[in-house]
Structures are given as structure tokens and as C-alpha cells.
Trainee: 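Following this message is one structure expressed as C-alpha cells.
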Amino acid sequence: MKYFSCASCNNQVFFANSMCVNCQTVLGYVASEKDMGSFQQESDQLWIALNPSFQQQRFKPCYNYKNYQVCNWMLPADSEKIYCESCQLTQILPDLDIPENIIYWRRIEHAKQRFLYLMQRLNIMPRPKISPDDRYGLWFNFKISVEGQPVLTGHANGIITLNVSEADVVYRETTRIKMGENYRTLLGHFRHESGHYYFDVMQYLHPEVIDEFRAVFGDERQNYGEALKRHYEQGPPANWPENFVSSYASTHPWEDWAETWAHYQHMMDTLETAYYAGLVVKPNQPDLSNMEFIENPIGAKDFEKILQNWMTVTFNLNALNRSMGLEDAYPFTLSNVVLDKFRFIHQHVLDKVLKDTVP
């Protein structure tokens, strides 16, 4: 993610901020500019931009910004809509009369907005569904278990459902250990489930690509229910690290795609953040690889350079975490087979299939 600064005082601000901690200028994300805006607040519904690139333009805060403080996105002041580009994608919310649900919702929205920011940067920002039958739009349903009825996180027909309890750190960590997962986050859920959505979009728009997909990920026509049953009863194959980014990816080609898609997003977001931070790795030992960015990884054509940087940055992130007694920041080993799957996504799917084509 890019680094942002306050237009009033030039202090660094973060994507989730609604106020500059240095000068108390109100802030908001302007999706059309892909930038954090600093604003002079004329009234509740009229904020004047201070940023040089869109100075004096008029905006209003999203309804969920003004009323619930779970969002910090802005809309043009003359827009007929009351919800921002992110909140328009949300269809179902938990009972907001329960205070803790608002806390969970806020955490979920922050993760969703970070996911959507990268989709913007990759030029594949989803739009809201026009109707339940709309093949290309996307909706989010945030549900919580009521009276013992479980909510399963997943995707179906352009609707991503997220169990609100995933925003509870204790619940999520307990589930992570119970499921034998070495990585489970709110952002990871959005990135994984979006893989299923974008696979459907790719299949509808470019069915000719599916044969190439099958050559890389396997034949998705195999019975999904039986594959899941086999995975949970028998576990992953012993040699799964040789072919898959995670044990769950070995379940079925759909899950292999979704897991690899999510990890590709982790890679691009982390490397872009490192790029804007000016991060350079120059180890004292000559046998360790260097990392020195020469261009933003978003849109970069030299994917081998991206992969080299990713190996270097994750090695050092994990080493730093271990120095503090923490678990690895990126607890995965990437085989050559998995790297080829990343190459397929970067060089073929994003560049030739999905880019600028989500209707």
C-alpha cells in the first residue's frame, strides 16, 4: 500500500485514519483519486479537499462514516448515493443494536477496505451486484450465528459471506488452531473468498482460459463435496508442500486457485508497502540475497524480480519476528510448482484476462 500524508501538516497518516493525530485535520479516503484526502469541514455533509491534486473539490462522508465510524471513505458532495464504493458492496449486517457487533463490523470493514484498495490498484475493483442473478457484481454478507445456527464463511454466485465472529481475535485464533491452519486473518478471508468470485468472472468472460487454468491448477470439474469430505477425513497428502501453497489448497483446484490468489495479493500489497517505505535489504553475508526496489511491483512486468524481492522480504520478516519470540509473519514455503501458479496469475490472468474487464 502507498504511504499517505496529511495535506495540512505533511504528517504521515494511515489508510484507516479519520483524523491526523498531529494537526487534527479530518481525513477520508477518496476512491476516485486512490488517495487519502485531508478536508476542511464546512458542515456535516460538505467537506472541502485540501490535497493539491484535487484541491477545493467538494465531498461528503459515507453514511457509515458519519453515523457509525466504521468507514472513512468519501463521496462527491453532489452524489445521489449515501454509501461509498466500499459500503455499497455490503448487503447484510449483524444486529447493530448489540454494541460488540459494531466493534466487529468496524474490524471487518477495515479489512475489506484494504482488500478493495489493492483491487483498485490492480484495476479489477468489483462493483455491487445489480440483482441476485447478476454474474459480474459482488455482495458481502456479514452474519453472526444466532440460536446455534452456524454461519459458514464462503462464496456463492457473487456473494461472499463472512462469519462476524472471525472479528473476535479469541474465536479466530481458537479456530485457527483447531483447523490446523498456520495463518488466519480477516484480510486473508477477503482475499481467499475473492478468488472464488474472480474465478467465476474469469470463467464467464473468458471461458477459453479454463483449459490453461486446468493445466496449472487441475480439473475443477471433480466433485467438490467429495474432495472436501476426503480432505477433512484423511487430511492433505504427505507431499502437499511440493505442489501447493497451503495444505487447504490441496483440497480441490478451486481452493488451490483461491489460496494462491490470496497469497499473490499478500505478496503485492506487502511489496508495494516496502517500496513506498524505501526498504532496502543489504545483508552483511555475501551468500544472502539483496532487495533493492527499482520500481513499484504493482504493474511491473519483470515478475522474476518480484519473486526475488518476495523471497528476500519474507525471509527477513520471519527472522525479525523470531527475534521477538513471535510466529513467522509469512509461515509458508513456496515450491517451484507454486511459483509457476503465481506466474500464471501475474502474467496471464491479471494482465490479459481480468484487467479492466470486470463489467
Trainee: Could you tell me whether Lys81 atom NZ has more than 12 heavy atoms of other residues or ligands within 6.0 Å of it?
Mentor: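 Counting other residues, nucleotides and ligands, NZ of Lys81 stays at 12 neighbours or fewer.
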Trainee: Measure across Ile306 and Met267 and return the closest heavy-atom pair with its distance rounded to 0.1 Å.
Mentor: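 In terms of heavy atoms, the two residues are closest at CG2-SD, 3.8 Å.
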Trainee: Is any side-chain heavy atom of Gln113 closer than 4.5 Å to a side-chain heavy atom of Asn72?
Mentor: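 Side-chain contact under 4.5 Å: yes.
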Trainee: Starting at CD1 of Ile92, measure out to CD1 of Ile159 and round the result to the nearest 0.5 Å.
Mentor: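 Ile92 atom CD1 to Ile159 atom CD1 measures 7.5 Å (nearest 0.5 Å).
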Trainee: Is the number of heavy atoms from other residues, nucleotides or ligands within 6.0 Å of CG (Asn157) greater than 12?
Mentor: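 Count not over threshold, so no.
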Trainee: Classify the ring geometry of Tyr224 against Trp254: parallel below 30°, tilted from 30° to 60°, perpendicular beyond 60°.
Mentor: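 Because their plane-to-plane angle lies in the 30° to 60° range, the rings of Tyr224 and Trp254 count as tilted.
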Trainee: Is there a donor-acceptor pair under 3.5 Å between the side chain of Arg106 and the backbone N or O of Gln69?
Mentor: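 Indeed, once roles are kept as given, a pair shorter than 3.5 Å links the two residues.
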Trainee: Classify the side-chain pair Asn318/Tyr330 by whether it contains a donor and acceptor separated by less than 3.5 Å.
Mentor: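 Side-chain D/A pair, Asn318 to Tyr330: absent.
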Trainee: Where the side chain of Asn51 meets the backbone of Ser53, is there a donor-acceptor pair that is under 3.5 Å apart?
Mentor: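 Pair absent, no side-chain N/O of Asn51 close to backbone of Ser53.
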Trainee: How about Phe332 and His266: are their ring centres within less than 6.0 Å of each other?
Mentor: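 Centroid distance Phe332-His266: not below 6.0 Å, so no.
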Trainee: Could you go through the side-chain contact (heavy atoms from CB on, under 4.5 Å) check for Leu228 and Thr251 one step at a time?
Mentor: CA-CA 6 Å; Leu228 279 181; Thr251 303; 3.6 Å; yes
Trainee: Measuring from atom CG of Leu93 to atom CD of Gln91, what distance do you get when rounded to the nearest 0.5 angstrom?
Mentor: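 Output value for this atom pair is 10.0 Å.
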Trainee: Whether the side chain of Gln40 engages the backbone of Ile48 through a donor-acceptor N/O pair (distance < 3.5 Å, no angle test) should be reported.
Mentor: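 Between the backbone of Ile48 and the side chain of Gln40 there is no qualifying donor-acceptor contact (under 3.5 Å).
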Trainee: Find out whether Leu162 and Thr153 are in side-chain contact, i.e. whether some heavy atom of one side chain is under 4.5 Å from a heavy atom of the other.
Mentor: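 Side chain of Leu162 against side chain of Thr153, heavy atoms only: contact under 4.5 Å found.
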Trainee: Can the ring centres of Tyr248 and His231 be said to be less than 6.0 Å apart?
Mentor: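 Yes: the rings meet the under 6.0 Å criterion.
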Trainee: Could you state whether Tyr204 and Phe217 fall into the same hydrophobic cluster, counting links through intermediate Ile, Leu, Val, Met, Phe, Trp or Tyr residues with side-chain heavy atoms under 4.5 angstrom apart?
Mentor: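 Hydrophobic grouping puts Tyr204 with Phe217.
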Trainee: Using only atom types and a distance under 3.5 Å, with no angle test, would you say the side chain of Gln120 pairs donor to acceptor with the backbone of Ala31?
Mentor: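 Yes, because the side chain of Gln120 sits within donor-acceptor range (under 3.5 Å) of the backbone of Ala31.
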Trainee: Which pair of heavy atoms, one from Ser8 and one from Thr25, lies closest together, and at what distance?
Mentor: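 Looks like OG-OG1, 3.2 Å.
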Trainee: Using the six-membered ring wherever Trp is involved, compare the ring planes of His263 and Tyr183 and label them parallel, tilted or perpendicular (cut-offs 30° and 60°).
Mentor: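 Answer is tilted, since the angle falls between 30° and 60°.
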Trainee: Working to the nearest 0.5 Å, report the span between CD1 of Ile108 and CD1 of Ile103.
Mentor: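 With rounding to 0.5 Å, CD1 (Ile108) is 12.0 Å from CD1 (Ile103).
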Trainee: State yes or no: do Tyr276 and Met268 share one hydrophobic cluster built from I, L, V, M, F, W and Y residues joined by side-chain heavy-atom distances below 4.5 Å, directly or via other members?
Mentor: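 Yes.
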Trainee: Inspect the contact between Arg214 and Glu220 and indicate whether a charged nitrogen and a carboxylate oxygen are less than 4.0 angstrom apart.
Mentor: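 Answer for the salt bridge query: yes.
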Trainee: Between Asn316 and Thr312, is there a donor-acceptor pair closer than 3.5 Å when you use the side chain of the first and the backbone of the second?
Mentor: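 Flag set: sc Asn316 to bb Thr312 pair under 3.5 Å.
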Trainee: For ring pair (Phe, Tyr, Trp, His ring centres under 6.0 Å), just list the numbers for Phe140 and Phe190, CA-CA rounded to whole Å, side-chain angles, deciding distance to a tenth of an Å, and then say yes or no.
Mentor: CA-CA 10 Å; Phe140 292 100; Phe190 281 107; 5.4 Å; yes
Trainee: In terms of hydrophobic clustering (I, L, V, M, F, W, Y; side-chain heavy atoms under 4.5 Å; direct or indirect links), are Tyr136 and Leu138 co-clustered?
Mentor: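 Both belong to a single hydrophobic cluster.
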Trainee: For a quick test of reading the model, state the closest non-hydrogen atom pair linking Glu193 to His155 and the distance between them.
Mentor: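 Where Glu193 meets His155 most closely, the heavy atoms are OE1-N, 3.4 Å.
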Trainee: Count the heavy atoms belonging to other residues, nucleotides or ligands that lie under 6.0 Å from CD of Glu327, then report whether that count exceeds 12.
Mentor: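 No, not enclosed.
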Trainee: Using a 3.5 Å distance criterion without hydrogens, assess whether the side chain of Thr273 forms a donor-acceptor pair with backbone atoms of Met1.
Mentor: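 A pair under 3.5 Å: yes.
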Trainee: Would you please classify the geometry between the Tyr264 ring and the Phe342 ring as parallel, tilted or perpendicular, with 30° and 60° separating the classes?
Mentor: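 The rings of Phe342 and Tyr264 sit tilted, inter-plane angle from 30° to 60°.
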Trainee: Under the criterion side-chain contact (heavy atoms from CB on, under 4.5 Å), I'd like the reasoning laid out for Val209 against His348: C-alpha separation, chi angles, the key distance, then a yes or no.
Mentor: CA-CA 9 Å; Val209 174; His348 189 77; 4.0 Å; yes
Trainee: CE of Met125 to CG of Leu118: how many Å apart, nearest 0.5 Å?
Mentor: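 Met125 CE to Leu118 CG: 11.5 Å, rounded to 0.5 Å.
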Trainee: Could you give me the CA-CA distance, side-chain angles and deciding distance for Asp168 and Tyr104, then say whether side chain to side chain donor-acceptor pair (under 3.5 Å) is met?
Mentor: CA-CA 7 Å; Asp168 181 330; Tyr104 294 157; 3.2 Å; yes
Trainee: Identify whether the distance between the nearest side-chain nitrogen and carboxylate oxygen of Lys112 and Glu109 falls below 4.0 Å.
Mentor: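 Looking at Glu109 together with Lys112, the answer is yes, because their closest N to O distance falls below 4.0 Å.
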Trainee: Measuring from atom SG of Cys71 to atom CH2 of Trp105, what distance do you get when rounded to the nearest 0.5 angstrom?
Mentor: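 So the SG of Cys71 and the CH2 of Trp105 are separated by 8.5 Å.
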Trainee: Is there side-chain contact between Phe213 and Val349, with heavy atoms separated by less than 4.5 Å?
Mentor: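 Not in contact.
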Trainee: Would you say the side chain of Cys20 lies within less than 4.5 Å of the side chain of Cys9, judging by non-hydrogen atoms?
Mentor: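 Side-chain contact under 4.5 Å: yes.
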Trainee: In terms of relative ring orientation, are Tyr29 and Trp73 parallel, tilted or perpendicular, with 30° and 60° separating the classes?
Mentor: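 Tilted.
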Trainee: What I want to find out is whether Glu226 reaches Lys229 closely enough, with some N-O distance under 4.0 Å, to be called a salt bridge.
Mentor: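 Here Glu226 does not pair with Lys229 in a salt bridge, since their nearest N and O are not under 4.0 Å apart.
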Trainee: Transitively linked via ILVMFWY side-chain contacts under 4.5 Å: Leu271 with Leu122?
Mentor: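 Same cluster.
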Trainee: Run the side-chain contact (heavy atoms from CB on, under 4.5 Å) test on Ser38 and Leu27 for me, step by step, so that the C-alpha distance in whole Å, both residues' side-chain angles and the decisive distance to 0.1 Å come before the verdict.
Mentor: CA-CA 5 Å; Ser38 302; Leu27 306 170; 3.5 Å; yes
Trainee: So Val281 and Phe315, side-chain contact (heavy atoms from CB on, under 4.5 Å) or not? Walk me through it.
Mentor: CA-CA 11 Å; Val281 176; Phe315 173 87; over 6 Å; no
Trainee: Return yes when atom CG of Asn239 has more than 12 non-hydrogen atoms of other residues, nucleotides or ligands closer than 6.0 Å, and no otherwise.
Mentor: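 For Asn239, atom CG is crowded (more than 12 foreign heavy atoms under 6.0 Å).
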Trainee: Have a look at Trp257 and tell me which of His252, His192, Met202, Lys341 forms a side-chain contact (heavy atoms from CB on, under 4.5 Å) with it.
Mentor: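 Output: one option passes, namely Met202.
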Trainee: Does a side-chain N-to-carboxylate-O contact under 4.0 Å join Arg343 and Glu304?
Mentor: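 Yes, Arg343 and Glu304 are salt-bridged.
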Trainee: Looking only at non-hydrogen atoms, find the nearest pair between Ala329 and Asn321 and report the distance.
Mentor: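 Answer, listing the atom of Ala329 first, then Asn321: N-ND2, 3.4 Å.
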Trainee: Contact between Thr175 and Arg184 at the side-chain level, heavy atoms closer than 4.5 Å - yes or no?
Mentor: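 Yes, side chains in contact.
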Trainee: Can you check whether Asp78 reaches Arg58 side chain to side chain, under 4.5 Å on heavy atoms?
Mentor: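 The answer is no, as the side chains (C-beta and beyond) never meet within the 4.5 Å cut-off.
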Trainee: Donor-acceptor pair, Asn67 side chain versus Tyr63 backbone, under 3.5 Å?
Mentor: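 Yes; at least one donor-acceptor contact below 3.5 Å.
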Trainee: I'd like to know whether Trp261 forms a ring pair (Phe, Tyr, Trp, His ring centres under 6.0 Å) with Phe199, so could you lay out the CA-CA distance, the side-chain angles of the two residues, the decisive distance to 0.1 Å, and finally the verdict.
Mentor: CA-CA 10 Å; Trp261 174 265; Phe199 177 84; over 10 Å; no
Trainee: Could you measure the distance from the CG atom of Leu339 to the CG atom of Leu334? Nearest 0.5 Å is fine.
Mentor: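 One finds 5.5 Å between CG of Leu339 and CG of Leu334.
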Trainee: Would you say the side chain of Leu89 lies within less than 4.5 Å of the side chain of Pro128, judging by non-hydrogen atoms?
Mentor: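 A side-chain contact under 4.5 Å exists here.
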Trainee: Are the side chains of Ser145 and Ser165 in contact, using a 4.5 Å heavy-atom criterion?
Mentor: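 A side-chain contact is absent here, since even the closest heavy-atom pair is not under 4.5 Å.
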Trainee: Quick check: closest heavy atoms across Ser246 and Trp240, and the distance to 0.1 Å?
Mentor: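 That closest heavy-atom pairing would be C-CZ3, 3.3 Å.
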Trainee: At their closest point, which heavy atom of Cys62 faces which heavy atom of Leu75, and how far apart are they?
Mentor: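 Taking Cys62 first and Leu75 second, the nearest heavy atoms are CA-CD1, 3.6 Å.
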Trainee: Side chain of Ser335, backbone of Glu242: donor and acceptor closer than 3.5 Å?
Mentor: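 Pair found, side chain donor or acceptor close to backbone of Glu242.
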Trainee: Looking at Lys60, is its backbone amide N or carbonyl O close enough to the side chain of Lys66 to form a donor-acceptor pair, meaning the two atoms are under 3.5 Å apart?
Mentor: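 No; judged by distance alone, with no hydrogens or angles, the pair does not exist.
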Trainee: Would you confirm whether Arg107, through its side chain, and Ala167, through its main-chain N or O, come within 3.5 Å as a donor-acceptor pair?
Mentor: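 Yes.
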